[in-house]
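The analysis underlying the following values was restricted to heavy atoms, covering all of them including side chains, and did not include hydrogens, waters or symmetry mates.
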Amino acid sequence: MSSIADNIGSVTRRIQKATLKAGREPGSVRLLAVSKTRTAEDLRAAIAAGQTAFGENYLQEALDKIDALADIAGIDWHFIGPIQSNKTRQIATAFSWVHSVDRLKIARRLSEQRAAELPPLNICLQVNINEEDSKAGCTLEELPDLVLAIGELANLSLRGLMAIPDPDQPEAELRLSFRRLTQALHDLKAQYPAAGPLDTLSMGMSGDLEVAIAEGATWVRVGTDVFGARAAKS
C-alpha cells in the first residue's frame, strides 16, 4: 500500500511530465490536494511530504482540521464545495481561496465578511461548462456581467475560473470542455483587464489531470491519487 508521500511524489511527477509535454513553464501547474473526509493526521503526512495547499468541500469538517493543524504555519486552505449563504462569514475568515463562487450574492457576502486586516480573498468563478442540471455554476453567458460586478468588491481578488466537466464524456469532448473554459478566461482578460489578475484555471482531477494541463490548467484538484481510495462505509 503506497504511502501518502509516495502518492504525492507520483502525482507531482505526472504534473511535471504533462506540463513539459504541453510546452509550458515548469512550476506553472500546482497540486491542490483534495482533503475532504481525510483526517488531520493524513494532512500532516501530506505536509511532511511538502504539500501545503488543501481543498475542502465541507465547512465544519474543514474548520475542525484548520484548528487541529493550527500549530503548522504556511498551510494554504482552499474552499472548493458548494457555498450556502449562512456559511459565507466563516469561509471568508478561514480560507485564502474559494474556487466555487457561482453568483453575485455569494461574492458580495464574502467581500463584506472578509476581515479588513486580511488580504483580499482569492476567488474563482465556478462555471457549469457542460450546463448539467445536477451541477452548480454560472453559464459562460453569465460570466461577463458577473466579472464586472465582482470587480467592484473591495475585499475579493478575482483570480480565474473553475469547472468540473462531466467525467463520463469521451476524451475529445472532455478536452473541448477544458478548452472552452480556457478560452473564456482569455476572453475575460482581454475584455476586462482591470477585473482582477485572471491568471487561474482550476480544472482537472485524478483521472484527467493530463488533459486539463494540456488545455491550460494552473491548479489540478487531486484527492484519491494523493490520499488513496476512501474506505467503504459499513
Side-chain angles (χ1 to χ4, degrees), residues 18-19 22-24 28-30 32 34 55 57 78-85 88 91 95 97-111 120-153 155-222:
T19 302
R24 298 177 56 191
S28 59
V29 183
R30 296 186 63 191
L32 181 62
V34 177
N57 292 63
H78 297 234
F79 193 79
I80 61 175
I83 304 172
Q84 299 172 339
S85 294
T88 53
I91 292 171
F95 292 83
W97 282 77
V98 179
H99 292 230
S100 47
V101 176
D102 61 356
R103 56 198 187 276
L104 183 57
K105 176 184 177 182
I106 293 297
R108 281 182 175 146
R109 289 176 67 89
L110 289 171
S111 181
L121 180 64
N122 297 300
I123 69 164
C124 292
L125 298 179
Q126 182 172 352
V127 180
N128 188 348
I129 198 69
N130 299 126
E131 299 187 7
E132 299 172 78
D133 292 340
S134 61
K135 284 186 181 169
C138 65
T139 66
L140 288 172
E141 291 72 24
E142 291 169 333
L143 270 178
D145 288 345
L146 193 51
V147 167
L148 279 175
I150 287 174
E152 302 297 319
L153 302 178
N155 295 319
L156 302 183
S157 177
L158 180 55
R159 298 297 299 269
L161 305 177
M162 183 271 263
I164 310 171
D166 178 0
D168 296 324
Q169 298 177 95
E171 183 177 319
E173 294 181 18
L174 179 64
R175 185 178 296 275
L176 181 59
S177 295
F178 289 137
R179 191 171 298 169
R180 290 174 67 205
L181 194 72
T182 301
Q183 186 60 53
L185 185 67
H186 289 167
D187 291 346
L188 291 171
K189 288 173 71 173
Q191 291 177 266
Y192 309 107
L198 292 174
D199 56 5
T200 299
L201 283 166
S202 173
M203 59 188 196
M205 298 184 286
S206 292
D208 57 19
L209 69 84
E210 285 85 1
V211 178
I213 290 171
E215 297 302 331
T218 62
W219 282 105
V220 289
R221 307 180 306 271
V222 180

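Note that CZ of R108 is 13.5 Å distant from OG1 of T88, once rounded to the nearest 0.5 Å. Annotation: the span from L125 atom CG to I106 atom CD1 amounts to 12.5 Å, rounded to 0.5 Å. The CG atom of D166 lies 10.5 Å from the CG atom of N128; values are rounded to the nearest 0.5 Å. Separating the CG atom in L185 from the CG atom in D187 is a distance of 9.0 Å, to the nearest 0.5 Å. The line from CG of L174 to CD of E215 is 9.0 Å long, rounded to the nearest 0.5 Å. The distance from the CH2 atom of W219 to the OG1 atom of T200 is 8.5 Å, given to the nearest 0.5 Å.
Considering every non-hydrogen atom in both G55 and L32, the closest pair reads N-CD1, 3.6 Å. Residue A217 comes nearest to V29 through the heavy atom pair O-CG2, 3.3 Å, listed as atom of the first residue, atom of the second, then distance. Of all the heavy atoms in P120 and L156, the pair that sits closest is CB-C, 4.0 Å. Residues T19 and S28 come closest through the heavy atom pair CG2-OG, 3.7 Å. Minimum interatomic distance between D102 and C138 (heavy atoms only, all atoms of both residues): O-CB, 3.8 Å. The nearest pair of heavy atoms linking R221 to A163 is NH2-O, 3.1 Å.
No side-chain N or O of R109 forms a donor-acceptor pair with one of S85 less than 3.5 Å apart.
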Please walk me through it: do L188 and L158 pass side-chain contact (heavy atoms from CB on, under 4.5 Å)? CA-CA 11 Å; L188 291 171; L158 180 55; over 6 Å; no
Evaluate the side-chain contact (heavy atoms from CB on, under 4.5 Å) criterion for residues V147 and Q191: first the C-alpha distance (whole Å), next the side-chain angles of each, then the deciding distance (0.1 Å), finally the verdict. CA-CA 10 Å; V147 167; Q191 291 177 266; over 6 Å; no
CA sep, side-chain torsions, deciding dist, call: S157, L121, side-chain contact (heavy atoms from CB on, under 4.5 Å): CA-CA 6 Å; S157 177; L121 180 64; over 6 Å; no
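Using the six-membered ring where Trp is involved, H78 and H99 have ring planes that are tilted, between 30° and 60° apart.
Heavy atoms of other residues, nucleotides or ligands lying less than 6.0 angstrom from CD of E141 number more than 12. Enclosure of atom CZ in R24 by more than 12 non-hydrogen atoms of other residues, nucleotides or ligands within 6.0 angstrom is indicated.
Side-chain contact between Q126 and I164 is present, with heavy atoms from C-beta onward closer than 4.5 Å. The closest side-chain heavy-atom distance from S202 to T218 is not below 4.5 Å. In this structure the side chain of M203 never reaches within 4.5 angstrom of the side chain of I129, judged on heavy atoms.
Looking at residues two or more places apart in sequence or on another chain, you find no side-chain hydrogen bond (donor to acceptor under 3.5 Å, both in side chains) involving T182. Under the side-chain hydrogen bond (donor to acceptor under 3.5 Å, both in side chains) criterion, D199 pairs with R159, sequence neighbours left out. Contacts of R30 classified as side-chain hydrogen bond (donor to acceptor under 3.5 Å, both in side chains), with partners at least two apart in sequence or in another chain: none. Partners of F79 under the ring-ring contact (aromatic ring centres under 6.0 Å, His included) rule, at least two apart in sequence or in another chain, are F95. When the salt bridge (charged side-chain N to carboxylate O under 4.0 Å, His left out) test is applied to E132, the partners found at least two apart in sequence or on another chain are K135.
Listed for the S100 side chain is no donor-acceptor partner under 3.5 Å among the backbone atoms of P82.
Applying the salt bridge (Lys or Arg N to Asp or Glu O under 4.0 Å) rule to pairs touching residues 202-213 yields R14-E210, sequence neighbours excluded.
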